[in-house]
Amino acid sequence: WVSTHLKEGAEEHLLKQKLEEILILNSNYSNKNYSKMAGENFGDYYMIWLGIKKMKIEPSTFENYQKYGKKIFPYFKQKNVALGALMPIDIESFYSYLLQKGICKNTIRHIHVTLHQCVEYAVKNDWLVYNPINKVEKPKENLIKRQFYNVNEMKDLFNLIKNEELKLPIMLSAIYGLRRSEVLGLKWSAIDFENKKIAIEHKVIQVKINGKYVLYKSNTLKTKSSNRELPLTPQVDAILREKQQEIEQNKKMLGNEYN
């Protein structure tokens, strides 16, 4: 029996925190001696986890995790830190190293989230007893001052592109603030001319698979709120109908050669 030195009826999160501290202090229950996997180099473990994760995530997410791995693997391989010996100071030192290498804070924030998932997977599978990254403060986000076109600038933009081939995607991006992947993923079936609505529910992105860049189509957008319905403005309505007529004319002219 071990005392927590907490008052009776203490809040659950305080009890959990105290239990974790007790487990860490007791070498019989430390991460270092907890499992065979805990003896793996952390860089090697990350690559093992990445291989498992590949089957469960979007190709674009996997590509980002691979990029992070190019920083994580050599660093921890060289430091010779085992998964079970990983301490908060090891992660904090890694972040300091990345900052010195010119990696921006926002990228380090993404790496932090990824590393937390990676180590949490080990806890879930009983390879570790606790996640040391819980004790590492998430790096602060760089504040980005966003700039927007005013009405006159939008008018100037539309005048400049009125005869351009890319007029439609530029207008969709400018008017609705769509991501590039959302513009490319827009389907005719998502446009309701009768009720004047556009459904944003598909995307097309470029990802690197087996060393080659390919187009990847997906019905899973960046966040849940990314799936949305937008009003079909008169200006967009007109340009979409114009594009439809152009497509029909090309089909008639090219016949079976149309693609």
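These figures come from a predicted structure and were not determined experimentally.
- Taking the charged nitrogens against the carboxylate oxygens, Asp237 and Arg241 do have a contact shorter than 4.0 Å, which makes a salt bridge.
- A donor-acceptor pair under 3.5 Å is absent between the side-chain atoms of Asp44 and the main chain of Glu40, judged by distance alone.
- Taking both residues in full, the closest heavy atoms of Ser226 and Arg179 are given as OG-NH1, 3.2 Å, listed atom of the first, atom of the second, then distance.
- Note on Glu182 versus Lys203: no salt bridge recorded, every NZ/NE/NH1/NH2 to OD/OE distance being 4.0 Å or above.
- Under a 3.5 Å cut-off, the side chain of Asn131 and the backbone N or O of Ile133 do form a donor-acceptor pair.
- Judged purely by atom type and a 3.5 angstrom limit, Arg109 uses its side chain to pair as donor or acceptor with the backbone of Pro139.
- The minimum heavy-atom distance linking Ala82 with Gly39 is given by the pair CB-O, 3.9 Å.
- In this structure, Phe158 and Ile175 have side chains that are in contact, with non-hydrogen atoms separated by less than 4.5 Å.
- With hydrogens and angles ignored, the 3.5 Å screen pairs no side-chain donor or acceptor of Asn125 with any backbone N or O of Trp127.
- Ser173 places a side-chain N or O within donor-acceptor distance of the main-chain N or O of Pro169, the cut-off being under 3.5 Å.
- Around CZ of Phe193, the count of heavy atoms belonging to other residues, nucleotides or ligands within 6.0 Å exceeds 12.
- In summary, the aromatic rings of Tyr95 and His112 are positioned with their centroids under 6.0 Å apart.
- Checked by atom type and distance alone, the side chain of Thr107 never pairs as donor or acceptor with a backbone atom of Ile103 at under 3.5 Å.
- Of all heavy-atom pairs spanning Tyr45 and Met37, the tightest one is CD1-SD, 4.0 Å.
- Within the 4.5 Å cutoff, the side chain of Leu178 has heavy atoms near those of the Leu230 side chain.
- Summarising the geometry of Pro74 relative to Gly69, their closest heavy-atom pair is CD-O, 3.7 Å, with the distance given to 0.1 Å.
- Relative ring orientation between Phe42 and Phe76 is described as perpendicular, the plane-to-plane angle rising above 60° on a 0-90° scale split at 30° and 60°.
- Tyr75 and Tyr97 have their aromatic ring centers within a separation under 6.0 angstrom.
- Between Lys167 and Glu242 there is a salt bridge, since a side-chain N of the basic residue sits under 4.0 Å from a carboxylate O of the acidic one.
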